[in-house]
Amino acid sequence: MVNDYLKKFEFNYESSATGSFLVVSTDAGENVLLYQVEMLANNPNRNILPLDIRQKDSKHNFYYNITSKLALSQYLRRNKLKRDDFINIFKDILKTILSSKDYLLSDRSYILNEDYIYIVPNTMEVSLAYLPLNIDINVNDQLKNFTMNFIMFSANIDETNNDNFLQRILNLLKSDTFSILEFSKLLNDLKLETGIPKPEVQKPVIQEHNVPVQPAPAPAAPKASAPRPNIPKAPVSKPDVPKSGIPKPNVPRPAPQGPVSAAPAKPAVNTAEKTVVRIKYKTGVLIAGAILQAVIIIGSIALLASGAMDSLGNEPIVNMLGIGILAGALSYAVWKTVLNEKNKVETVSTVRERPAAKPQINMEKRNFTTVSNNQSIPPINKAPSQPESNFNNAASTPNSLNETTVIFPSPLEETVYLGTSNSYPYLQGTMNGVMEQIIINKPSFVIGRLKSQVDYISQNNAVGKVHAEIISRDGRYFVKDLNSRNGTFVNGIRLAANTEHEIKNNDKITFANSEYTFIIP
């Protein structure tokens with residue numbers, strides 16, 4: 001096998017207050033290329049792990065900083081690899097190998113093994129370990145064997161896409177003319193076939209901006225001032241139309257739409273105003289109706305008061321009823337004539353809307369059970385590698401998911417009580433005075449802050465994005481630190497990164513500064 005050359009190296013892991021490290025050891029007789037070490041130190045590359053060399057026990061020890069990074073093999077064990085992720089991982093690998101000459105490095109000195117290739121969990125950016133030694137191997141064979149093994153054995157790759165991309169890659173790997181350049185070209189072709197290519201996305205966007213600018217250049221001048229000089233050119237010189245097929249067919253069509261769509265759109269979006277169309281009756285007609293109604297009422301009262309109805313010989317109540325009926329009939333005739341559809345007219349008005357009221361924050365006073373200062377500081381504060389000042393700095397300092405806070409707690413909210421189980425082991429601790437129990441209900445249970453990659457999401461910013469893993473195997477339990485910045489501790493002792501450590505009932509397990517008791521029911 002091409003990777004047989006790795007057998008002469010020893011691979012270990014170490015952790016300290018400064019982070020987690022992959023340690024590759026070789027005999028002191030190996031010729032270390034110091035100029036390459038200096039080149040990497042002076043020209044850091046995000047796709048190459050930071051390197052430090054230390055001499056110990058007649059060996060050269062290469063220390064690679066893998067803090068907050070995840071081994072590719074660890075990621076593959078828990079995730080189905082999507083098509084685009086596969087392509088991006090190998091594009092990063094090939095880009096790093098092909099750019100070696102820019103750093104005076106050798107393309108044969110990268111460790112192509114999924115256990116020693118690392119990714120940033122939330123961005124999937126790849127970092128390789130570089131050995132500053134003279135290594136005599138064929139880089140094309142090395143890459144071919146690594147890729148073949150990756151596809152066939154290491155990764156669970158999603159093949160729901162119908163473009164047979166894996167088969168195309170395998171066909172290239174099996175060909176006698178395989179080379180890194182051909183592989184890179186194929187990956188670039190596959191990348192262009194993924195989703196919506198950029199050139200096709202940009203063209204329709206340009207059309208949408210240019211169409212309204214041409215019929216009405218004055219109001220839209222700030223949006224696209226460059227296309228304006230081209231407006232008179234399109235109709236005058238028809239032979240120049242092949243330069244841009246947009247002006248000829250599209251200019252006459254949107255012309256009537258420009259003023260109509262542009263006018264109402266801006267007030268609705270850019271201001272708090274909107275145009276309202278109301279239907280009203282003509283004011284003059286309403287006034288005339290009101291005057292006639294008043295005349296009918298006054299006339300009815302005058303007729304009743306004059307006594308002219310007494311000559312009919314009827315009772316007064318009958319006379320009042322008769323006059324009321326007559327007045328009502330006249331009023332109905334008047335308003336039926338006034339409230340006719342012909343007397344309606346449309347009015348347009350602009351209404352300024354008030355912004356929607358923001359939801360009020362519940363300011364009700366709440367009572368919390370707090371933890372004393374002595375309880376908030378875990379035993380790891382006593383370790384020599386963890387300075388006490390780290391716990392006392394800026395407890396309210398904001399932090400995002402992209403960066404792990406260096407060893408201080410910053411809970412974002414109350415911890416949800418997860419409940420207990422009679423059949424599963426669990427971690428029990430206290431967070432902000434609230435008892436917290438984490439049930440270990442999977443053979444591989446990962447704790448961290450990155451929602452997409454963990455089984456329990458910690459609200460403590462000192463805990464890493466993918467901090468530690470608890471493993472159940474044959475009735476025994478192990479904890480493994482996953483290259484976290486602030487470390488994982490068992491009974492106050494910091495664990496080496498990427499190394500399984502067996503845990504027993506009632507062991508104290510600390511992730512950064514979040515302490516739990518491991519309980520087996």
Side-chain angles (χ1 to χ4, degrees), residues 13 15 20 68 70-71 73-81 121-122 156 369 371 375-376 378-380 401 404 409-521:
Y13 297 92
S15 297
S20 301
S68 300
L70 192 66
S73 57
Q74 174 77 20
Y75 178 85
L76 295 175
R77 282 197 293 270
R78 294 177 52 89
N79 296 274
K80 191 170 187 178
L81 198 61
N122 55 327
N156 180 14
T369 303
V371 183
Q375 292 175 324
S376 65
I380 61 171
L401 183 64
T404 301
S410 180
L412 303 181
E413 57 185 25
E414 289 188 14
T415 303
V416 177
Y417 177 74
L418 300 180
T420 61
S421 171
N422 293 327
S423 57
Y424 295 110
Y426 58 91
L427 296 169
Q428 179 170 295
T430 302
M431 190 72 163
N432 286 349
V434 178
M435 188 176 71
E436 181 181 30
Q437 292 186 346
I438 306 171
I439 301 173
I440 313 302
N441 56 4
K442 293 182 178 181
S444 171
F445 192 92
V446 175
I447 294 170
R449 291 184 292 121
L450 186 59
K451 180 179 180 181
S452 62
Q453 297 297 326
V454 302
D455 301 300
Y456 171 76
I457 305 171
S458 174
Q459 301 298 326
N460 184 356
N461 286 338
V463 172
K465 292 187 284 289
V466 183
H467 190 101
E469 177 184 17
I470 295 179
I471 302 165
S472 304
R473 186 189 307 119
D474 299 328
R476 301 168 65 190
Y477 302 97
F478 305 84
V479 62
K480 180 168 68 172
D481 181 81
L482 299 176
N483 311 320
S484 67
R485 180 178 298 277
N486 293 319
T488 301
F489 300 77
V490 175
N491 297 324
I493 300 174
R494 182 165 185 162
L495 303 182
N498 271 295
T499 303
E500 293 184 6
H501 181 90
E502 186 171 3
I503 50 178
K504 305 288 187 179
N505 189 36
N506 290 324
D507 275 350
K508 302 296 182 183
I509 302 177
T510 306
F511 307 109
N513 57 350
S514 293
E515 182 180 289
Y516 300 90
T517 301
F518 181 67
I519 297 177
I520 303 175

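Once rounded to the nearest 0.5 Å, the distance linking CD1 of Ile509 with CG of Asn506 reads 11.0 Å. Atom OH in Tyr477 sits 10.0 Å away from atom CG in Asn505 (nearest 0.5 Å). Between atom OH of residue Tyr424 and atom CG of residue Asn441 there is a gap of 6.0 Å, rounded to the nearest 0.5 Å. Taking CG of Asn461 as the reference point, atom CD of Gln459 lies at 8.5 Å (rounded to 0.5 Å). One distance of note links CG of Leu81 with CG of Asn156; it measures 8.5 Å at 0.5 Å rounding. With values rounded to the nearest 0.5 angstrom, Leu70 atom CG is found 9.5 Å from Leu450 atom CG.
Of the possible polar contacts, one joining the Ser20 side chain to the Ser484 backbone as a donor-acceptor pair under 3.5 Å is found. Between the Arg78 side chain and the Ser444 main chain, a donor and an acceptor come within less than 3.5 Å of each other. Looking only at distances, no side-chain donor or acceptor of Arg485 sits under 3.5 Å from a matching main-chain atom of Gly464.
Looking only at side-chain heavy atoms (C-beta outward), Ile438 and Phe445 come within less than 4.5 Å of each other. Side chains of Lys504 and Asn491 form no contact here, defined as non-hydrogen atoms less than 4.5 Å apart. Under the 4.5 Å side-chain criterion, counting only non-hydrogen atoms from C-beta, Phe489 is not in contact with Lys508.
Classification of Glu502 and Arg476 as a salt-bridged pair holds, one side-chain N sitting under 4.0 Å from a carboxylate O.
Partner of Thr488 under the side chain to side chain contact (heavy atoms under 4.5 Å, CB included) criterion, chosen from Asp481, Ile447, Leu482: Asp481. Looking at Asp507, Ile471, Ile470 one by one, the single match for side chain to side chain contact (heavy atoms under 4.5 Å, CB included) with Val479 turns out to be Ile470.
Looking only at atom types and distance, the side chain of Lys480 has no donor-acceptor partner in the side chain of Thr499 under 3.5 Å away. Looking only at atom types and distance, the side chain of Asn460 has a donor-acceptor partner in the side chain of Asn513 under 3.5 Å away. Between the side chains of Asn498 and Gln74, not a single donor N or O lies within less than 3.5 Å of an accepting N or O.
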- Task: Please test Val454 against Arg449 for side chain to side chain contact (heavy atoms under 4.5 Å, CB included), starting from the C-alpha separation and ending with a verdict.
- Result: CA-CA 7 Å; Val454 302; Arg449 291 184 292 121; over 6 Å; no

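Classified by interplanar angle (parallel below 30°, tilted 30° to 60°, perpendicular above 60°), the ring pair Phe511/His467 is perpendicular.
Closest of all the heavy-atom pairs between Gly448 and Val463 is CA-CG1, 4.0 Å. Between Pro521 and Tyr426, the closest heavy-atom pair is CG-CE2, 4.3 Å. Looking at every heavy atom in both residues, Ala512 comes nearest to Ala462 through CB-O, 3.3 Å.
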